[in-house]
Structures are given as C-alpha cells and as structure tokens.
Amino acid sequence: MLYSEKVMDHFMNPRNVGTIEDADGIGEVGNAKCGDIMKIYLKINDDVISDVKFNTFGCGSAIASSSIATEMIKGKTVAEALTLSNKAVVDALDGLPPEKIHCSVLAEEAVKLAIEDYHQKQAVSP
Ligand code: FES
C-alpha cells in the first residue's frame, strides 16, 4: 500500500482544520510545481502555542502533513515548534512516498513562517 494508515487517517479526518480570526501568527506557503497552498494560524500565549489551525488546498499528503504538524506543535513553546522538521512530520506519519516528501516540507515551512510572522508582530506592538 502506497500510504500508511496514519496518512490515510489524517487525510480522511484532518485535525485542527479552519482559521483563527485573531491569530498571533500566520504562515502561508505554496509549492510552485504542484500549485498546492498551505496556511497555518497560531494563537500564542506566554510563548506557548495555545491553538493552531490550518487550511490546505492541496494533495492528500499535504493535508495529512499539516494535520499532524498542528498536533505536534499544539501546547509546545515557540522555540520547540521552531525545531519541527519535515523529517519529524514524515516519521510521525509513518512515512511518505519519496515523491510526496515535498508535501511535508510545506508543513515545516508554514509553521516557521507563522512563527516569523508572530515575532514580527511582537516587534511592532510588544
Ligand atoms: Fe504538492 Fe503534495 S503534491 S504538496
């Protein structure tokens, strides 16, 4: 079978889908080749990610990657979330086919961009 049960589960029942109106950080990334887009919203309190939501317009692996990535960073500190790698996402999904690895990279990038956005907003209005 091409996809692990974990991938199928997170694709069929993605966790944390949606948007956060007053998000503290938003990260949007896209892959020019496949045209898929991923957007991650963070709510951060006292340096801890208290809520996270995502919207992904993309393939099943991108949806599964963003779903599991949101679960992995929820409740973590900003510093911990910054260490999330696409490899950790792939491992948590029990693997992805080689041609789908770039989908997990989107999740890592979206989280990093959202945190960058958070830091920028902090700098403007501490
Ligand atoms: Fe592009 Fe999955 S095929 S994100």
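When a residue number appears, it is its place in the shown sequence, counting from 1. From a predicted model like this one, the values you see are computed outputs, not experimental measurements. Whatever order the structure lists them in is the order used to number ligands and atoms, beginning at 1.
Taking 2.8 Å as the threshold, C34 counts as a candidate ligand of atom 1 (Fe) of ligand 1, since one of its N, O or S atoms lies below it. Contact annotation: H102 places no N, O or S atom under 2.8 Å from atom 2 (Fe) of ligand 1.
A donor and an acceptor atom, one from each side chain of D47 and T77, are nowhere located under 3.5 Å apart. In this structure, a donor-acceptor pair under 3.5 Å is absent between the side chains of D94 and S4.
A salt bridge does not link K121 to D24: none of the charged nitrogens lies less than 4.0 Å from a carboxylate oxygen.
Atoms of ligand 1 found under 4.0 Å from any heavy atom of A62 (numbered from 1 in listed order, with element): 4 (S). Per-residue contacts place L106 under 4.0 angstrom from the following atoms of ligand 1 (heavy atoms of the residue considered): 4 (S). The distance from ligand 1 to the heavy atoms of C103 drops below 4.0 Å at these ligand atoms: 2 (Fe), 3 (S), 4 (S).
Here S61 has no heavy atoms under 4.0 Å from ligand 1, in either its backbone or its side chain. With a heavy-atom cut-off of 4.0 Å, K100 touches ligand 1 through its side chain alone.
Nearest heavy atoms, V7 versus G95: CG2-O, 3.7 Å.
With respect to atom 1 (Fe) of ligand 1, D36 has OD2 as its nearest N, O or S atom.
In this structure, N31 has no heavy atom closer than 4.0 Å to ligand 1.
Distance from atom 2 (Fe) of ligand 1 to its nearest protein heavy atom, with residue and atom name: C59 SG, 2.2 Å.
At a threshold of 4.5 Å between non-hydrogen side-chain atoms, the residues V17 and S66 do not count as touching.
Rounding to the nearest 0.5 Å places CG of D36 at 8.5 Å from CD1 of I63. Atom-to-atom distance recorded for H119:NE2 and L82:CG is 5.5 Å, nearest 0.5 angstrom.
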